[in-house]
Structures are given as structure tokens and as C-alpha cells.
Amino acid sequence: MNLKANQKSILVVLLCSFLMLNVAVGKADAFGRGTRGADVYAVQGMLKTLGYYAGSIDGIYGPATEKGVRYFQYKYGLPVTGAVDAKTLENILWAYANAKIPKAQPTPTPVPKAPEQPKAPEQPKTPSVPGLTAAEQEMLALVNQERQKAGLQPLQVDLKLTEAARLKSKDMIAKNYFSHQSPTYGSPFDMMKQFGITYRTAGENIACNQTAAQAHQALMKSPGHRENILKAEYTHIGIGIVSGGPCGIMVTQMFIGK
């Protein structure tokens, strides 16, 4: 007989047989080392389920079974004899009946995978421009992404225009104003002239916000500012982002078409 293959079903039958015994009044004989048979097999199975026995369930009451019985007796405050008497058996049955034995979980029905969607083509990255801060580089990338979506050519960075844009942002922070008209430099066109910047067409956006991305979103929601960002005639941009002011950063975008 293959005991391992039939372990579960035999243990259930033997457990039912044990429950029919009058162990409470001590009529069951004690058995211990050297005993063989179904009684030993059932005790081994119950102790293994309860975590007191680590050996094989083979129906032979050897040293490992005795050790498991002793451990169980000790834990339950019984005389530690290493033999299964009526009281020990009663406690093993009670512990086994109250054990929370995990039930087999049903195999989940596989969820069919949704067909893979074709990946959108990657947007070309705006090359890093020496001389721009990280925030200015981020805003340049955002601006050119918008222009690409609209089918327009990306704007090139003009470093003279960038210098003028930074000074405009610093001036708005230092003199506490927010306007295209500077008390220091005049209009954006006056300022460009002072810096020797030539153009065919020009414009300016200003923003006061917490981050470059938030400033960009705000500008895109404003029709006039959005028009500057997406104006086909513009070819170059200067971006000046300076920390400070009432919002966190001050942003100036200067646009020219050459």
C-alpha cells in the first residue's frame, strides 16, 4: 500500500475512528516507541499538520514521533512521557479539530490579454543647449514639442536673446512689477535694440509661476501667448527663468523671426 499517495484519505478515516473512541474516560491504552500501525499513522499525520512532527508519516513510532509527542505534551501542559495515552490523544484530536487548515484555493481563470497597441512614435528630443539652465532647457523642449505637434519648425536658441530675457525676469523681480513695459528697459522691442538684436518680427511672453512646466501650461491656455509659441514666422527664442518673485519663478520668453 502506498501510504504517501493515500495519506490524506487514510488520515481522515482514522481520525473519524479516533473520535469514536471513549478517550475522555481513559479507556484507550497508551502506545509509544516501537508501536506500528494505523494509530501511529494517524497521530503522525495530525502532529505534522499541527507543526509538532517533521518526520515521515509511515505508521512507525520511532524517535522522531516520540520527540513530536513530547513537544506537544510540553506545549499543552501534559505529563511529558513521549507516549500517547488517552489524555494526550484527546488533546491531539481537539487541537487538530480546531486547527485552521488552509483550504486549497481555486485556480483563477486566466484573463485574456488585451491586444498590444502600436506604440506611438517617439518625439524627437530637443538637443541640450550649452548656456541654458535646466529649467530653461525644459521650457525649450516643451515649446518645441508644441510646435512639432502643430507641424512647425522648432525654435533655435539665440543666446543674446536669452541674456535679454533673463535681465527682464530679474528686473520684474527686483522692481516688483509684471508687465511687458519695463521701467528700466522700456518695451521688449526697445530692449532688443539695446542688445543689438535684429529681427523681421518679434514678440514676448511673460509668466509668474512655480515651475517651468506649470508656466508653460498656463501660457498655452492663454490665446495670445499660445499664438506666440506657435507662430510660424518665429525662428529663434530666448528664455530667461529666474528664481524669485511672488510665485516662485519669473519667466520671460522673447521670440524673433530672422
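Residue numbers count from 1 along this sequence. Predicted model, so just to flag it, every value in this text is computed and none were measured.
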TODO: Verify, without hydrogens or angle tests, whether E204 (side chain) and F189 (backbone) share a donor-acceptor contact under 3.5 angstrom.
DONE: no
Open item on the list: So for atom CD, which belongs to Q153, do other residues, nucleotides or ligands contribute more than 12 heavy atoms lying within a distance under 6.0 Å?
Closed with: no
Open item on the list: Quick check: do K149 and E146 have side-chain heavy atoms less than 4.5 Å from each other?
Closed with: yes
Open item on the list: Could you see if I241 belongs to whatever hydrophobic cluster contains M250? Use Ile, Leu, Val, Met, Phe, Trp, Tyr and a side-chain cutoff under 4.5 Å.
Closed with: no
Open item on the list: Looking at Q156 and T235, would you say the former's side chain and the latter's main chain have a donor-acceptor pair under 3.5 Å?
Closed with: no
Task: Distance in Å, M46 CE paired with I57 CD1, rounded so as to fall on 0.5 Å steps - done: 10.5 Å
Open item on the list: Any side-chain to backbone donor/acceptor pair from Q44 onto Y53? Under 3.5 Å, distance only.
Closed with: no
Open item on the list: Within the 4.5 Å heavy-atom criterion, are I60 and V40 side-chain neighbours or not?
Closed with: no
Task: Test: E66 and R70 ion pair at under 4.0 Å - done: yes
TODO: Mark yes or no for whether R33, through its side chain, and Y61, through its backbone, hold a donor-acceptor pair below 3.5 Å.
DONE: no
Open item on the list: Can you confirm whether K231 is buried at NZ, in the sense that more than 12 heavy atoms of other residues, nucleotides or ligands lie under 6.0 Å from that atom?
Closed with: yes
Open item on the list: Can you confirm whether Q253 sits close enough to V143 that some side-chain heavy atom of one is under 4.5 Å from a side-chain heavy atom of the other?
Closed with: yes
Open item on the list: Distance check, rounded to the nearest 0.5 Å: T252 atom OG1 versus I239 atom CD1?
Closed with: 10.5 Å
TODO: Enter the distance from T184:OG1 to K175:NZ here, rounded to the nearest 0.5 Å.
DONE: 2.5 Å
Open item on the list: Using 0.5 Å steps for rounding, measure from the CG atom of L47 to the CD1 atom of I92.
Closed with: 4.5 Å
Open item on the list: Please determine whether the number of non-hydrogen atoms from other residues, nucleotides or ligands lying under 6.0 Å from atom OH of Y74 exceeds 12.
Closed with: no
Open item on the list: Contact between E136 and V157 at the side-chain level, heavy atoms closer than 4.5 Å - yes or no?
Closed with: no
Open item on the list: Rounded at 0.5 Å granularity, tell me how far NZ in K170 sits from OG in S243.
Closed with: 11.0 Å
Task: Between T88 and N91: side-chain donor-acceptor atoms closer than 3.5 Å - done: no
- [ ] Ignoring hydrogens and angles, tell me if any N or O in the side chain of K258 forms a donor-acceptor pair with the backbone of T198 under 3.5 Å.
- [x] no
- [ ] Measure the shortest side-chain to side-chain distance between T201 and F255 over non-hydrogen atoms and say whether it is less than 4.5 angstrom.
- [x] no
Task: Under-4.0 Å salt bridge between K160 and E163 - done: no
Open item on the list: Using side-chain hydrogen bond (donor to acceptor under 3.5 Å, both in side chains), reason through Y177 and S182 one step at a time and then give a plain yes or no.
Closed with: CA-CA 8 Å; Y177 72 93; S182 165; 3.0 Å; yes
Task: Student check: side-chain heavy atoms of E138 and T211 closer than 4.5 Å - done: no
TODO: State, yes or no, whether a side-chain contact exists between D190 and Y185 at a heavy-atom distance under 4.5 Å.
DONE: no
Task: Cluster link L219 to L152, ILVMFWY, side chain under 4.5 Å - done: yes
- [ ] Determine yes or no for a side-chain-to-main-chain donor-acceptor pair under 3.5 angstrom, with N209 supplying the side chain and C247 the backbone.
- [x] no
Open item on the list: Counting only heavy atoms from other residues, nucleotides and ligands, does the tally under 6.0 Å from OH of Y71 exceed 12?
Closed with: no
